[in-house]
Amino acid sequence: MSPTASAPPAPPVAKTIAGIRSIVKDARAHGARVALAPTMGALHDGHLALVRRARELADLVIVSIFVNPLQFGPNEDFDRYPRTWDADLEALAALTADNTDGGAFSDHAEGAPPRRLVVFAPGVDEMYPDGPTQTRISGGDVAALFEGESRPGHFDGMLTVVAKLLNSVQPDAAMFGQKDAQQAFLVRRMVTDLNLPVAIEAVPTVREADGLALSSRNRYLSDDARREAVTLSAALQEVAAAAPRGTAEALAAGRARVEASSAVKLDYLAIVDPQTFRSVDERYRGPALALIAARVDGTRLIDNATVVLRSAG
Ligand code: PAF
């Protein structure tokens with residue numbers, strides 16, 4: 001059989017808000033639960049983990065693909081951000097394999113609501129018909145820390161599009177990667193603060209064999225930079241190993257690991273309280289989140305890991 005003949009059919013694509021709403025309405029009429037996996041495309045296994053989790057929680061899985069101009073700063077990589085539409089559809093089709101009906105999952109039980117995957121891929125004109133929105137969601141103080149300090153306005157642009165996506169799809173649950181821990185924290189806060197009727201799921205980070213967290217930006221790395229990029233996860237491992245000796249020693253161990261690689265320029269290394277996303281001090285005990293951001297040969301990467309500071313007692 002030729003490869004084309006065996007390729008699973010691509011999932012259906014809705015390009016308008018009215019289109020995706022009508023698909024959701026129809027699915028709900030059949031009793032379907034709905035989950036959204038928001039992405040900017042350039043899909044990798046980390047995104048597919050979001051889709052797999054969504055599939056566990058819902059009958060209709062909507063994968064949004066939209067590179068949101070509002071969350072990129074003027075000197076950031078919006079134009080250069082990878083757009084890999086055909087490969088994205090292929091990767092999503094593979095999740096719905098062994099079907100002739102594009103987008104349908106194979107584990108559909110008799111009498112149950114149809115189980116399927118639909119792509120929501122609005123253009124910029126559909127999401128921002130009047131140009132950038134006048135109304136913005138502000139993530140408050142936490143949105144100005146860490147990623148927000150390096151990327152002013154990023155989180156407000158991200159929260160604004162997430163609010164628009166949630167309103168467009170109105171899912172029961174929405175998936176976010178734990179790799180973007182500050183993003184997941186801020187989305188949860190928005191949902192709580194604004195009483196949005198959706199459950200937010202943080203899906204664990206997917207890593208390469210050497211520990212590098214998967215990211216759409218990894219494809220910018222040269223072979224040399226790719227070898228150095230493991231420094232981020234290695235530094236987090238050093239932080240975790242030194243965490244029983246307290247915050248200062250843990251951070252020092254992580255910094256020492258970054259300084260050992262001349263190709264990696266540290267932006268920040270911090271340990272935060274997962275409940276508040278504020279840096280912890282020496283008195284803090286228990287599970288915390290170690291965050292790192294660094295440039296590797298010009299490409300900015302982030303990662304994080306749970307660490308346990310000085311076990312109590
Ligand atoms: O994490 C991302 O890919 C984006 O920030 C998101 C959540 C899709 C919003 O544009």
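All values reported here derive from a predicted model rather than from experimental measurement. As the structure lists them, so they are numbered: ligands from 1, and atoms in each ligand from 1. Heavy atoms only: backbone and side chains are in, while hydrogens, waters and symmetry mates are out.
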**Q** Would you call Arg207 and Asp303 a salt bridge, using N to O less than 4.0 angstrom?
**A** yes
**Q** Can you list, pair by pair, the side-chain donor-acceptor contacts under 3.5 Å of residues 32-42, counting residues two or more places apart and other chains?
**A**
| unit_1 | atom_1 | unit_2 | atom_2 | d |
| --- | --- | --- | --- | --- |
| Arg33 | NE | Leu57 | O | 3.2 |
| Thr39 | OG1 | Gly41 | N | 3.0 |
| Thr39 | OG1 | Ser64 | O | 2.8 |

**Q** Taking distance alone, no hydrogens or angles, what donor-acceptor pairs closer than 3.5 Å link side-chain atoms of residues 178-186 to residues at least two apart or in another chain?
**A**
| unit_1 | atom_1 | unit_2 | atom_2 | d |
| --- | --- | --- | --- | --- |
| Gln182 | OE1 | Glu147 | N | 3.1 |
| Gln182 | NE2 | Val142 | O | 2.8 |
| Gln182 | NE2 | Leu145 | O | 2.9 |

**Q** Kindly print each ligand 1 N/O atom paired with any protein N/O atom under 3.5 angstrom away, one pair per line, or none if nothing qualifies.
**A**
| unit_1 | atom_1 | unit_2 | atom_2 | d |
| --- | --- | --- | --- | --- |
| ligand 1 | 1 (O) | Gln183 | OE1 | 3.4 |
| ligand 1 | 1 (O) | Gln183 | NE2 | 2.8 |
| ligand 1 | 5 (O) | Gln71 | NE2 | 2.9 |
| ligand 1 | 5 (O) | Gln183 | OE1 | 2.7 |
| ligand 1 | 10 (O) | Gln71 | OE1 | 2.6 |

**Q** Just to verify, what does His154 make a ring pair (Phe, Tyr, Trp, His ring centres under 6.0 Å) with, not counting sequence neighbours?
**A** none
**Q** Without hydrogens or angle criteria, can the side chains of Tyr128 and Asn68 be said to hold a donor-acceptor pair below 3.5 Å?
**A** yes
**Q** Closer than 4.0 angstrom, basic N to acidic O: yes or no for Asp223 and Arg226?
**A** no
